[in-house]
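Single-structure report; data block below.
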Amino acid sequence: MAYWLFKTEPDTFGIDDLKQRPNQTEHWDGVRNYQARNFLRDDIKEGDWVFIYHSSCKLVGIAGLAQVVREGYPDHTQFDSQSKYHDEKSDPDNPRWYMVDVKFSERFNKVLPLKAIKEMPEIRELGLVKKGHRLSIMPVTEEEAELLLLRARG
DNA sequence: GCCAACGTTGGC
DNA sequence: GCCAACGTTGGC
């Protein structure tokens, strides 16, 4: 069982929105970066755990945990001309963009702030704390995950 | 809102 | 296939 971290802007869709979805489940659409796409399409498996990270907001940090309930399948918004994620160059027979479904698992009592994560000496290799990190989907090692969970759950 | 850092695009 | 220009990301 692998661990991942997904970024999202809570003003648009955050951990509380996920919790309120029917069946507490939502598809993770809109990822338009090739490296992140490869993770979604090839590597993220059903049952994997996902840290939900809130970016571009007042309280930047990890807000909770979700679980993958459906593995990579084509992101339908790429074929929707009304969507801001529309990609006219994507071929329906060979879709460019993928997504997974995630289900709410846990909301931490307090957001684990980015600042606190940066101060954890063991968390130095996580893309999140590296300079210029811009990936919206990134792997988290089991060791890092355990430390983050310990810290987040207090 | 600023701006540094990064990914993508497109001319050559 | 290089690389400058451009657009986007995301912390602050």
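Quick note on labels: first sequence line is chain A, next is B, and so on, each numbered from 1.
- Of the residues A:Q78, A:R96, A:R32, the one that meets the side-chain hydrogen bond (donor to acceptor under 3.5 Å, both in side chains) test with A:D87 is A:R96.
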Open item on the list: Treating primed atoms plus P, OP1 and OP2 as sugar-phosphate and everything else as base, which nucleotides of nucleotides 3-12 of chain C get B, S or - for protein heavy atoms under 4.0 Å?
Closed with: ----BBSBSS

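- Of the possible polar contacts, none joining the A:D29 side chain to the A:D75 backbone as a donor-acceptor pair under 3.5 Å is found.
- Ring centroids of A:W97 and A:Y73 are separated by 6.0 Å or more, keeping the two rings apart.
- Closest approach of A:V31 to A:S136, counting heavy atoms only: CG1-OG, 4.0 Å.
- Both A:K89 and A:N33 sit near DNA chain B, but only A:N33 has its closest nucleotide nearer the 5' end.
- With A:N94 contributing its side chain and A:D91 its backbone, the two residues share no donor-acceptor pair below 3.5 Å.
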